Amino acid sequence: MSSAAPSPPATVSGASYAAATVTMAHYKAADLKREQFRRYLEKLGVLDTLTKVLVALYEEPEKPNSALDFFKHHLGAATPENPEIELLRLELAEMKEKYEAIVEENKKLKTKLAQYEPPQEEKRAE
């Protein structure tokens with residue numbers, strides 16, 4: 001009896017066995033990458049969010065013509081608002097209020113000024 005390393009099965013040639021081993025290693029690496037990516041998505045809550053949208057689509061009594069638009073609408077609504085955007089919205093609302101107040105004040109001042117100024121036609125006659 002010899003203590004040599006086990007040889008590949010008789011039906012597979014040495015080159016085929018090596019190729020099969022490389023292919024198996026490739027699949028294991030791909031599986032590892034896939035599993036890492038799945039954990040990454042799970043950690044960030046992506047899988048949970050997608051599941052919720054899929055359930056909402058499933059429970060929809062009348063299915064939309066475009067499932068992709070359904071996803072876009074629900075994912076857009078599901079994402080948290082950027083704090084900077086909210087601050088800009090508040091600032092815009094404040095600026096609109098100030099603008100309206102200034103326009104109103106301008107109207108009042110024009111009316112008041114018109115009381116003290118002669119009409120345009122009288123100015124030209126002088």
Side-chain angles (χ1 to χ4, degrees):
M1 290 223 164
S2 68
S3 63
S7 63
T11 57
V12 178
S13 70
S16 294
Y17 182 75
T21 304
V22 169
T23 303
M24 292 291 285
H26 175 72
Y27 284 131
K28 286 182 181 179
D31 285 346
L32 179 62
K33 278 185 170 180
R34 192 174 297 125
E35 179 61 24
Q36 287 173 339
F37 186 66
R38 187 196 62 75
R39 279 188 260 144
Y40 162 76
L41 292 175
E42 190 173 356
K43 178 181 173 186
L44 295 177
V46 174
L47 293 180
D48 188 44
T49 302
L50 287 175
T51 302
K52 287 178 183 177
V53 175
L54 284 169
V55 168
L57 179 60
Y58 175 77
E59 293 175 346
E60 191 72 25
E62 291 186 28
K63 304 296 183 233
N65 291 334
S66 172
L68 186 57
D69 287 342
F70 183 88
F71 263 79
K72 287 178 183 177
H73 173 73
H74 281 77
L75 289 175
T79 56
E81 190 68 29
N82 183 343
E84 188 175 324
I85 292 173
E86 187 58 34
L87 289 174
L88 290 172
R89 284 188 179 141
L90 289 172
E91 186 178 345
L92 177 63
E94 285 178 23
M95 293 297 149
K96 284 181 178 179
E97 287 179 23
K98 286 180 182 179
Y99 171 78
E100 293 299 325
I102 290 172
V103 166
E104 192 61 36
E105 181 183 7
N106 191 9
K107 285 180 185 176
K108 289 178 183 176
L109 289 173
K110 283 182 178 180
T111 304
K112 203 174 198 180
L113 183 62
Q115 293 174 357
Y116 298 107
E117 285 187 349
Q120 293 293 333
E121 294 145 11
E122 289 181 21
K123 278 187 178 179
R124 292 181 189 164
E126 292 176 7

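Residue numbers run from 1 in the order of the sequence given. What you see is a predicted model; the values in this text were computed from it and never measured.
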Legend entry - Residue pair K63 / Y58: nearest heavy atoms and the distance that separates them: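 Minimum heavy-atom contact is NZ-O, 2.7 Å.
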Legend entry - Shortest non-hydrogen contact between F70 and A56, atoms and distance: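 For F70 and A56, the tightest heavy-atom pair comes out as CZ-C, 3.8 Å.
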Legend entry - Over 12 non-hydrogen atoms of neighbours within 6.0 angstrom of CD in E62: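 Open.
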Legend entry - D31 CG: over 12 foreign heavy atoms closer than 6.0 Å: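 For D31, atom CG is crowded (more than 12 foreign heavy atoms under 6.0 Å).
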Output the distance between atom [atom1] ([X]) and atom [atom2] ([Y]), rounded to the nearest 0.5 Å.
X	Y	atom1	atom2	answer
L92	E97	CG	CD	10.5 Å
L47	L54	CG	CG	10.5 Å
E86	L90	CD	CG	5.0 Å
K112	E105	NZ	CD	10.0 Å

Legend entry - Salt bridge present between E100 and K96 (N-O < 4.0 angstrom):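 Salt bridge between E100 and K96, a charged N being under 4.0 Å from a carboxylate O: no.
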Legend entry - Check ion pair R38-E35 (N to O, under 4.0 angstrom):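 Salt bridge between R38 and E35, a charged N being under 4.0 Å from a carboxylate O: yes.
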Transitively linked via ILVMFWY side-chain contacts under 4.5 Å: [X] with [Y]?
X	Y	result
M95	I85	no
L50	L44	yes
F37	L32	no

Inset, instruction - Indicate yes or no: at least one non-hydrogen side-chain atom of E91 is less than 4.5 angstrom from one of L88. - result: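 The answer is yes, as the side chains (C-beta and beyond) meet within the 4.5 Å cut-off.
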